[in-house]
Amino acid sequence: GKMVYGFVAGKAEGDGSLRDLLGGKGANLADMTSIGLPVPPGFTITTETCHKYNQGGKRLPHNMMNEVHRHMALVQKETGKVFGDADNPLLVSVRSGAAVSMPGMMDTVLNLGLNDEAVEGLAEQTGNKRFAYDAYRRLINMFGDVVMGVDHHKFEHAFDRIKNKYGVDVDTDVPEEGMVEVVEAYKEVYRSSVADPFPQNPFKQLELAIEAVFKSWDSERAVIYRRLNGITGLIGTAVNVQAMVYGNMGDDSGTGVAFTRNPSTGENKFYGEFLINAQGEDVVAGIRTPKPASEMSAWDKKSYAQLMKIKGTLEKHYKEMQDIEFTIERQGEAHHRAGGVAADPRGGSDADAAALIRPGEEGDEPGAVPGTPRVARRGGGQARVHGRGGGGPHPQWRARDPCPQGDQPRGRRGHALGRGHPDEHGRDDQPRGGRRAWLGQVLRRGRGRQRHRRRRGELHCCGPGLHA
């Protein structure tokens, strides 16, 4: 049977009713695509495929990668980019997504598809070599940690040595040539830990990432979590692959997380935080200090207005408060490659989408929707929405207590809800052990799927974010 369902060019092969087959993220991605939100192009590999993998001796089902290649070709056609290309590379994110939101599954991998040649193409494509190599070092770290099990501290130590060499304290102060050195150091960490060089074939990277998602279904944490919470009847997790969107291309790009309303009072007021020049998980990692969403309109009025329009569409469709992650990308290149606000709405459920406001463009991770490269210009950028939306709020939101399950501090590794994300994601301008929560702890503790972060030497409970 069919193993891969696409959502490209404004059309989705699945819909919101196929949660058991496409998982929460995949079903919501399809649903949001169908209601006209700018969702970045991509595809979902079904939970049945995961079941076949786990029942078939941990081997990827016959013909699955052929279907993946066919759907990747459709994403390439929409974005005008080529996966792993040396001149105009398409990068993707890979995320797990079961029918029921649960911790313990594989964490997100961003920037997948970069290699030694594609990183030069990305540098040429964006006119920003430092950004390209920063994206590459993030991939090597995430892929090494999440997919291959390399201790993330090894990457941190390598980065710290280079920061010391250049006499800087924060990641963003490492110069371009230093970032190139970081990539080389990371590749050496990977090679020495895995006994193989970092894979240069982008489809090999993708295959290994897909396999890691499938394996995470039977991980000890995931199995124990399902048993303790009485989750039965599920056959596996889906895998979501999406084109990337960047919020870390400079001071005219950014990322954030917010509720469409005040989660404590219900007041119809956009409530959240954002970071300038940051990617994905940086906001929820608790390492940099975000700005309140109320200040976003002063920074980028057009993107903020676009986000408000998306907020209205989501609430009208799902008839519930949504929590969103968004990315604003700006790439002032010819063929309409403006930036964008990518929003990731989740009415408590866990779909991971993104929207690249149309008439849109390519749709890097958090943010593109149907159509070939055509993006609504907004003086340099455009809004994209990563969506986890739909499906109604998590039961916790129906309770008065924003964290009815208690405030249990957890560490980055070994906690009940999974491994957390590498804190190399943007370890910038804040001393370690800094701020404990964002959005007054409500965002971190009251979500359907909790994510936990470690801020060096500090254990704390924090809520999920998209990613991706």
Side-chain angles (χ1 to χ4, degrees), residues 38-42 75 79-81 83 88-95 108-114 118-139 141-142 171-172 176 179 241-257 274-283 285 288 299-300 303 307 325-333 335-344 352-357 360-369 373 375 377-378 380-386 424-426 428 465-468:
V39 175
V75 176
T79 63
K81 300 178 181 181
F83 190 50
N88 190 25
L90 166 68
L91 306 185
V92 299
S93 62
V94 177
R95 297 184 175 89
T108 299
V109 176
L110 304 178
N111 308 330
L112 195 137
L114 275 176
V119 70
E120 292 295 338
L122 183 62
E124 183 70 23
Q125 182 188 80
T126 61
N128 190 334
K129 185 173 181 177
R130 188 193 183 284
F131 159 75
Y133 276 86
D134 182 49
Y136 194 15
R137 66 98 184 170
R138 288 171 183 255
L139 168 63
N141 187 161
M142 281 184 279
D171 299 1
T172 50
E176 179 183 293
M179 199 56 71
V241 180
Q242 279 184 284
M244 285 288 301
V245 168
Y246 306 100
N248 60 332
M249 293 189 64
D251 290 339
D252 54 357
S253 58
T255 187
V257 191
F274 74 103
L275 276 172
I276 295 171
N277 195 14
Q279 185 176 33
E281 304 300 331
D282 293 355
V283 177
R288 292 178 57 189
W299 174 65
D300 189 338
S303 290
L307 196 53
E325 293 190 1
F326 56 90
T327 295
I328 299 163
E329 176 190 275
R330 176 185 164 115
Q331 287 179 287
E333 291 196 2
H335 59 297
H336 302 315
R337 291 200 68 226
V341 177
D344 173 6
D352 223 54
L356 157 55
I357 262 20
E361 200 310 47
E362 93 259 274
D364 304 88
E365 182 229 331
V369 107
V375 181
R377 281 193 176 275
R378 55 126 184 116
Q382 105 205 350
R384 318 178 178 217
V385 165
H386 326 305
E424 53 89 339
H425 281 285
D428 314 52
L466 174 172
H467 85 134

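Distance CG/Leu307 to CZ/Phe274: 11.0 Å, rounded to 0.5 Å. Between atom CG of residue Asp252 and atom CD1 of residue Ile276 there is a gap of 9.5 Å, rounded to the nearest 0.5 Å. For the atom pair OG1 (Thr327) and CG (Leu275), the distance works out to 11.0 Å, reported to the nearest 0.5 Å. For the atom pair NZ (Lys129) and CD (Glu176), the distance works out to 5.5 Å, reported to the nearest 0.5 Å. Rounding to the nearest 0.5 Å places OG1 of Thr79 at 4.5 Å from CG of Leu90. Between Glu124 atom CD and Asn88 atom CG the span is 10.5 Å, to the nearest 0.5 Å.
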For a side chain to side chain contact (heavy atoms under 4.5 Å, CB included) check, start with the C-alpha distance between Ile328 and Trp299, then their side-chain angles and the critical distance, and finish with the verdict. CA-CA 11 Å; Ile328 299 163; Trp299 174 65; 3.4 Å; yes
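Nearest heavy-atom pair across Asn111 and Ala135 is ND2-O, 3.0 Å. The two residues Arg130 and Asp171 have their closest heavy-atom pair at NH2-O, 2.8 Å. The shortest non-hydrogen separation linking Ala118 to Gly113 is CB-O, 3.9 Å. For the pair Ala123 and Ala132, the tightest heavy-atom approach, listed with the atom from each and the gap, is N-CB, 3.5 Å.
The shortest distance between side-chain heavy atoms of Phe83 and Leu112 falls below 4.5 Å. Counting heavy atoms from C-beta on, the side chains of Tyr246 and Thr126 never come closer than 4.5 Å.
Annotation: side-chain hydrogen bond (donor to acceptor under 3.5 Å, both in side chains) contacts of Asp134 (sequence neighbours excluded): Arg137, Arg138, Asn248. A search for ring pair (Phe, Tyr, Trp, His ring centres under 6.0 Å) contacts involving Tyr133 returns nothing, not counting sequence neighbours.
Using a distance-only test at 3.5 Å, with no hydrogens or angles considered, a donor-acceptor pair links the side chain of Ser253 to the main chain of Gly247.
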